[in-house]
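One structure follows; several queries about it will come next.
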2 protein chains.
Amino acid sequence: MARRPKKPPMTKESLLPRLAAHVLAHGLGQASLRPLARAAGTSDRMLIYHFGTKEALIIDLLQHLAGIYAAQLDNLLAADRPASRQALLARILAHNADPAMAPFLTLWWEIVAGAARDLPGFRAAARAMVDRLHAWLVGHMPAGDPDPDGGASYLLTLIEGSLMLGALGQGDRARAGLLAAGLIAP
Amino acid sequence: MARRPKKPPMTKESLLPRLAAHVLAHGLGQASLRPLARAAGTSDRMLIYHFGTKEALIIDLLQHLAGIYAAQLDNLLAADRPASRQALLARILAHNADPAMAPFLTLWWEIVAGAARDLPGFRAAARAMVDRLHAWLVGHMPAGDPDPDGGASYLLTLIEGSLMLGALGQGDRARAGLLAAGLIAP
DNA sequence: CAGCCTATGTAGCATTCGCTACATTAACCT
DNA sequence: AGGTTAATGTAGCGAATGCTACATAGGCTG
């Protein structure tokens with residue numbers, strides 16, 4: 001058959017959310033066209049038709065994921081401003097500890113690995129997400145902070161280090177480090 | 001043919017260094033039996049013969065890589081003890097900035113990604129390496145440091161965060177953060 | 001010397017991979 | 001109405017995948 005009579009035609013934009021759901025559940029490394037297509041309710045044939053290439057699909061998908069992350073940050077308690085760097089750090093750590101974030105974090109390290117190897121699209125997406133988090137941190141630094149930009153970079157480094165240790169199941173150690181530095185409450 | 005007359009028979013131990021060299025150069029994700037075998041001067045047939053399964057091979061290989069990392073740390077300026085946490089941090093950051101470490105770091109993020117997804121062998125290897133680094137840090141904390149263990153955890157978190165940002169080409173930002181925190185010299 | 005056993009080569013198998021060729025049909029345009 | 005085109009299905013291709021079956025040559029042990 002051909003053009004579906006009632007169903008609106010599929011577009012990249014309509015496909016990307018379902019593709020994103022699939023890689024969030026199963027990872028980027030194992031993502032091959034046929035399973036991706038099944039998850040999106042279409043065929044490998046159509047994925048190539050819409051995206052041209054698997055590589056192009058992955059690039060688009062990574063940008064889409066970066067957009068999802070940005071939207072999440074935007075929705076994250078944008079109103080009030082924490083009173084201290086410690087409070088800000090606690091807030092972002094709590095957000096990352098939310099179980100709903102787990103699939104995203106698992107995927108995050110795959111994106112970092114791709115960025116480290118400079119696979120096409122990975123570094124751009126990873127940078128977009130890190131830049132966004134940095135900007136969020138700058139915008140949420142306590143009023144009167146002497147060095148919002150540098151402080152945000154400092155917190156960012158600590159956050160990413162904590163997340164990495166958390167990915168290994170060593171969140172305890174990260175917490176111990178932050179505690180020893182007086183950055184979180186016991 | 002069969003048993004090589006003069007050449008000693010291949011063992012896991014003789015194969016692992018060459019397999020490690022291959023994954024350091026080309027990554028774990030793309031590592032399939034035939035290329036691995038070519039790099040080790042043997043055949044896929046023999047890899048399965050010696051390791052039983054690709055999965056078992058990867059597990060052995062990850063342990064081997066953890067051993068390489070441990071040996072590197074042991075050789076790393078074990079003698080003198082830095083005078084401050086700052087000096088210790090500077091030393092380990094310099095070590096990681098060594099171009100010779102680049103392939104290892106690229107691979108590291110792949111290991112972290114596998115650990116985050118709990119692929120067999122990955123979390124154990126990643127933990128072994130992180131534990132080793134933590135122990136090294138504890139053993140090299142300045143004399144009289146009030147909290148060597150907590151301090152080492154703090155430095156570890158910062159180091160891993162810095163490495164991650166470095167993997168994205170954002171080492172500048174990590175440096176800015178450490179500078180703002182007074183942890184490195186300008 | 002007669003076996004046995006270990007290490008190896010050769011061929012292949014079923015599956016999956018990304019991608020393509022070709023056909024077909026519904027919607028749109030003149 | 002008739003032609004064009006966008007969107008899709010069906011089949012398949014060549015390569016790569018992990019792994020297996022079978023054969024066999026050499027060393028070791030009796």
> If every non-hydrogen atom of Leu24(A) is compared with every non-hydrogen atom of Phe104(A), which pair is closest and at what distance?
Replying inline: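 Looks like CD2-CA, 3.8 Å.
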> Quick one: Lys54(A) NZ to dT16(C) P, roughly how many Å, whole number?
Replying inline: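 Atom NZ in Lys54(A) sits about 15 Å away from atom P in dT16(C).
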> Got a donor-acceptor pair under 3.5 Å from the side chain of Asp44(A) to the base of dC17(C)?
Replying inline: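 Answer no: no donor N or O sits under 3.5 Å from an acceptor.
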> Atom CG of Leu33(B) to atom C1' of dC17(C): distance rounded to whole Å?
Replying inline: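 For the pair Leu33(B) CG and dC17(C) C1', the rounded distance is 16 Å.
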>> Between P on dG18(C) and CZ on Arg38(A), what's the gap in Å once rounded to a whole number?
In response: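 The answer, rounded to whole Å, is 11 Å.
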>> Categorize Thr42(A) for me: base, sugar-phosphate, or nothing, with a 4.0 angstrom heavy-atom threshold over every strand shown.
In response: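 No contact.
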> When you match Gln30(A) and Tyr49(B) each to their closest nucleotide on DNA chain C, which lands nearer the 5' end?
Replying inline: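 Here Tyr49(B) is the residue nearer the 5' end.
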> Once the angle between the rings of Trp109(A) and Trp109(B) is folded into 0 to 90°, is it parallel (under 30°), tilted (30 to 60°) or perpendicular (over 60°)?
Replying inline: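 The arrangement is parallel - the two ring planes meet at less than 30°.
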> What's the CD1-P distance between Ile48(B) and dG9(C), to the nearest Å?
Replying inline: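 In whole Å, dG9(C) P and Ile48(B) CD1 are 15 Å from each other.
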> Rounding to a whole Å, what distance do you find between Lys12(A):NZ and dA6(D):C1'?
Replying inline: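 Taking NZ of Lys12(A) and C1' of dA6(D), I get 16 Å after rounding.
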>> Heavy-atom nearest nucleotide on DNA chain D for Arg34(A) versus Ser43(A): which residue maps closer to 5'?
In response: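 Residue closer to the 5' terminus by nearest nucleotide: Ser43(A).
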> Should His50(A) be listed as having a side-chain N or O under 4.0 Å from OP1 or OP2 of dT8(D)?
Replying inline: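 Yes.
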>> OP1 or OP2 of dA16(D) versus the side-chain N and O atoms of Ser32(B): is any pair under 4.0 Å?
In response: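 Ser32(B) to dA16(D) OP1/OP2: no side-chain N or O under 4.0 Å.
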> Between Arg45(A) (CZ) and dT8(D) (P), how many Å, whole number?
Replying inline: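 Going from CZ in Arg45(A) over to P in dT8(D) covers 10 Å.
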> What is the distance, rounded to the nearest whole Å, between atom CG of Leu57(B) and atom P of dT17(D)?
Replying inline: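 After rounding, the gap between these two atoms is 14 Å.
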> Which atom names give the shortest non-hydrogen contact between Gly121(B) and Ile59(B), and what distance separates them?
Replying inline: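 That would be CA-CG1, 4.0 Å.
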>> Rounded to whole Å, please give me the gap between CG in Leu47(A) and P in dA7(D).
In response: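 Between P of dA7(D) and CG of Leu47(A): 15 Å.
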> Donor-acceptor pair, His50(B) side chain versus Met10(B) backbone, under 3.5 Å?
Replying inline: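 Between the backbone of Met10(B) and the side chain of His50(B) there is a qualifying donor-acceptor contact (under 3.5 Å).
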>> Between Lys54(B) and Asp44(B), does the salt bridge (Lys or Arg N to Asp or Glu O under 4.0 Å) criterion hold? Intermediate values first, please.
In response: CA-CA 10 Å; Lys54(B) 188 195 173 182; Asp44(B) 56 332; over 6 Å; no
